[in-house]
Amino acid sequence: MKHAHAEILCEYGPFPGVDGVHGVSFDGQRVWFASGDRLNALDPGSGEIVGTLNVAAHAGTAFDGKHLFQIAEAVIRKIDPKTGEVLSTIPAPGNGGDSGLAWAEGTLWVGQHRGRKIHQVDPETGAVLRTIESNRFVTGVTWIDGELWHGTWEGDESDLRRLDPRTGKILERLEMPHGVGVSGLEADGGDQFFCGGGNSGKLRTVRRPR
């Protein structure tokens, strides 16, 4: 297993009226992050919030190229990012203990926080297609270039880890500085990750190793 210290490239926030940053996603231009009672769209160039949607946003956020998906309590909602309209709802596999959310291979990947699991879920029905075990609390989840990564956060220790999606074996770890937690996680499609900072109210970028 590769092990390295995470290189934090940038910090955004804290933001007015945002008590915590939960789920994080990226639509190619804007970073969407969940902050409890709303979804916020951040311009990563300026660091400014350029839009909000008034929807319940308690945990993971994902984007499928057209729609946002958002965990709210024990359900996952499919949302029109232009209007905030909820288009459909499916049950979340962790029954309210859900954390990260990602879109890959035409399906949703849902972290189960204290259950230390990642579930692959049918986005139409909510049926669990398969489950990957982790040995740490699971926070954010993301896929990039065929790699599955998830965040962990227990006590004051947090890291990003790459798993073998077939076996769950840890292939790589990026250790965050002591006291710096990762809630949501999303790759930007290139050489960095966007990381939610939980109750710090911050969003950070971390260099993705090559």
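- For Arg161 and Asp159, the salt-bridge test passes: some basic side-chain N is under 4.0 Å from an acidic carboxylate O.
- Listed for the Thr61 side chain is no donor-acceptor partner under 3.5 Å among the backbone atoms of Phe33.
- Between the side chain of Tyr12 and the main chain of Pro44, a donor-acceptor pair closer than 3.5 Å is present.
- Connection of Val182 to Phe137 is not established within any shared hydrophobic cluster, with ILVMFWY side chains joined at heavy-atom distances below 4.5 Å, either directly or through further cluster members.
- Using a distance-only test at 3.5 Å, with no hydrogens or angles considered, a donor-acceptor pair links the side chain of Trp153 to the main chain of Gly155.
- Residue Leu42 is grouped with residue Phe194 when hydrophobic side chains (ILVMFWY) are merged at heavy-atom distances under 4.5 angstrom, including chains of intermediate members.
- Linking ILVMFWY residues whenever their side-chain heavy atoms come closer than 4.5 Å, directly or via other members, leaves Val24 and Leu9 in distinct clusters.
- No salt bridge links Asp191 with Arg208; every basic N to acidic carboxylate O contact stays at or beyond 4.0 Å.
- Side-chain contact annotation: Trp32 with Asp27, donor-acceptor N/O pair under 3.5 Å present.
- For His22 and Ser183, the side-chain atoms include no donor-acceptor pair closer than 3.5 Å.
- Between Arg116 and Glu154 there is a salt bridge, since a side-chain N of the basic residue sits under 4.0 Å from a carboxylate O of the acidic one.
- Side-chain atoms of Thr107 come within 3.5 Å of backbone atoms of Ala104 as a donor-acceptor pair (strictly under, hydrogens ignored).
- Hydrophobic cluster membership differs between Leu68 and Phe26, with clusters built from Ile, Leu, Val, Met, Phe, Trp and Tyr side chains linked at under 4.5 angstrom.
- A salt bridge links Asp164 with Arg166: the distance from a Lys NZ or Arg NE/NH1/NH2 to an Asp or Glu carboxylate oxygen falls below 4.0 Å.
- The aromatic rings of Phe69 and Trp103 sit parallel, their planes meeting at an angle under 30°, below the 60° perpendicular limit.
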